[in-house]
> 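The structure that follows is given in the form of structure tokens.
Each chain gets a letter, A, B and so on, in the order its sequence line appears, and its residues count up from 1. Just so we're clear, the structure is a prediction, and the values are computed from it rather than from any experiment.
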Amino acid sequence: MKISTWNINSVRLRLSSLAQIIRDICPDVICLQETKVTNELFPSKELSALGYPYQAVAGMKSYNGVAILSRLPLTKIIVRDWCKKADCRHISAIIQDTTFSPIELHNFYIPAGGDTPNPIENEKFAHKLAFLKEVTEWQKSRTKKTKNMVLVGDLNIAPLPSDVWSHKQLLKVVSHTPIETEALKQLQISGPWVDAVRKIIPPQKNLFTWWSYRSKDWTKNNRGRRLDHIWVSESLKQNVSDANVYQDTRSWERPSDHIPVTITLS
DNA sequence: ATGGTCGCTTGGCGA
């Protein structure tokens, strides 16, 4: 089973890019973030025609928005609000597969956090930290636990030194500050999570999934960050047989600033 | 230290 995650930055604008990615990768399940569209205007028919009849969608006008597209049936679709905001940053579903027992899938779009890494001066950063804490506490409080779980999304944090182009220069930049990487670690250990991508691609090796639009040539200095992640539960750890990023897409016409990340479960 | 670019929507916000 192949599971991909991609911050698409407008699903309507990049439908043809998504179709190409589908042709190239053939994922069984695709999780999108920043769809930037209401559910009424979500291109359901087009995506169904591309081979994904099972869809879980949580969108709003202009901002945020998450979606799960699947070749396999999805059950128990849940859209959750965090920090008392109905801002479409999380959707979960159970993938009904015949090879594995059911897999509980969580698709997150964690707040970016603004520019200043100080929760007192910057309410967006405060929101990001509060969001992480709330998800962490929620995971700890869950009593009914599904065995097989996968968590994906644009987590907007690059946890490892090798997840950014310069560890030293980014320590005070939102996405790589110690307070964030620590919060992400707490979130990770509050559940059964293993970083599936880093199980395949060694933690020493630089790996990025995002490059800013604010650069004439993103390849020149390769100033990227790994903001997009796929985690699996311990129960699936041994099943992770591949993980990769589709870096070519960043050079396509009208690219998203994020690239797709994919794992294979065997 | 500053400004650089996108997308949605048409001014300004969020990234």
> Quick test of your reading of the model: are A/Glu104 and A/Arg142 salt-bridged, counting only N-O distances below 4.0 Å?
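Answer for the salt bridge query: yes.
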> Round to a whole Å and report the spacing from CG of A/Asn122 to C1' of B/dG14.
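After rounding, the gap between these two atoms is 12 Å.
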> Which part of the nucleic acid, if any, lies within reach of A/Lys216 when heavy atoms closer than 4.0 Å are counted: base, sugar-phosphate only, or nothing?
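Nothing, no heavy atom under 4.0 Å.
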> Quick check on B/dA15: is either OP1 or OP2 less than 4.0 Å from any side-chain nitrogen or oxygen of A/Arg89?
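Yes, such a contact exists.
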> Look at the rings of A/Trp82 and A/His90 and say which category their plane angle falls in: under 30° parallel, 30 to 60° tilted, over 60° perpendicular.
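If you compare the ring of A/Trp82 with that of A/His90, the planes turn out tilted.
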> Determine the interatomic distance between C1' on B/dA15 and the same-named atom on B/dG4; round to the nearest Å.
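My reading of the C1' atoms in B/dA15 and B/dG4 gives 14 Å.
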> Do the side-chain N or O atoms of A/Arg254 get closer than 4.0 angstrom to the phosphate oxygens (OP1, OP2) of B/dG7?
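Affirmative; the distance criterion is met.
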> Side-chain N or O of A/Lys61 less than 4.0 angstrom from OP1 or OP2 on B/dC8?
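Checking A/Lys61 against B/dC8: no side-chain N or O falls below 4.0 Å of OP1 or OP2.
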> Starting from P on B/dC8, measure out to CG on A/Asp87 and report it in whole angstrom.
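Distance check: A/Asp87 CG to B/dC8 P gives 18 Å.
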> Whole Å only: how far is the OH atom of A/Tyr63 from the P atom of B/dC6?
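Taking OH of A/Tyr63 and P of B/dC6, I get 18 Å after rounding.
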> Mind checking the P distance from B/dG3 to B/dG7? Whole angstroms is fine.
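Between the two P atoms, the distance is 23 Å.
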> Closest to the A/Lys36 side chain: B/dA15, B/dC8, B/dC13?
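Within the option list, the nearest is B/dC8.
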> Nearest-Å distance, CD1 (A/Ile110) to P (B/dG14)?
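The distance from CD1 of A/Ile110 to P of B/dG14 comes to 19 Å, rounded to the nearest Å.
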> Does NZ or CZ of A/Arg223 fall inside the cone over A/Trp165's six-membered ring, less than 6.0 Å from its centre and within 45° of the axis?
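Judged by the rule, A/Arg223 and A/Trp165 form a cation-pi pair.
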> On DNA chain B, nearest-nucleotide positions of A/Ser212 versus A/Asn156: which is more 5'?
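The answer here is A/Ser212.
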> Rounding to the closest angstrom, what is the interatomic distance between B/dC6 and B/dT10 at atom C1'?
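Each nucleotide's C1' atom is 15 Å from the other's.
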> Assert yes or no for the condition that the ring centre distance of A/Trp138 to A/His106 is strictly below 6.0 Å.
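Judged by ring-centre distance (under 6.0 Å), A/Trp138 and A/His106 do meet the cut-off.
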> Should we count NZ of A/Lys2 as having more than 12 external heavy atoms under 6.0 Å?
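Atom NZ in A/Lys2 is packed in, count exceeds 12.
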> Using only side-chain N and O atoms of A/Arg14, determine if any of them is under 4.0 Å from OP1 or OP2 of B/dG7.
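So the side chain of A/Arg14 is within the cut-off, an N or O lying under 4.0 Å from OP1 or OP2 of B/dG7.
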> Could you check how far CH2 of A/Trp211 sits from P of B/dT5, rounded to whole Å?
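Answer to the nearest Å: 20 Å.
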> In whole angstroms, how far is the C1' atom of B/dC6 from the CH2 atom of A/Trp252?
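Rounding to the nearest Å, CH2 of A/Trp252 and C1' of B/dC6 are 18 Å apart.
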> For DNA chain B, whose closest nucleotide is more 5', that of A/Asp154 or that of A/Leu13?
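Result of the comparison: A/Leu13.
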> Over how many whole Å does the gap from A/Asn9 atom CG to B/dA15 atom C1' extend?
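The distance from CG of A/Asn9 to C1' of B/dA15 comes to 8 Å, rounded to the nearest Å.
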> Is A/Arg250 touching bases, backbone alone, or none of the nucleic acid, heavy atoms closer than 4.0 Å?
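Nothing: the residue A/Arg250, judged by heavy atoms under 4.0 Å, touches no strand.
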> Could you state the atom-to-atom distance from CH2 of A/Trp218 to P of B/dC6 in whole Å?
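Going from CH2 in A/Trp218 over to P in B/dC6 covers 14 Å.
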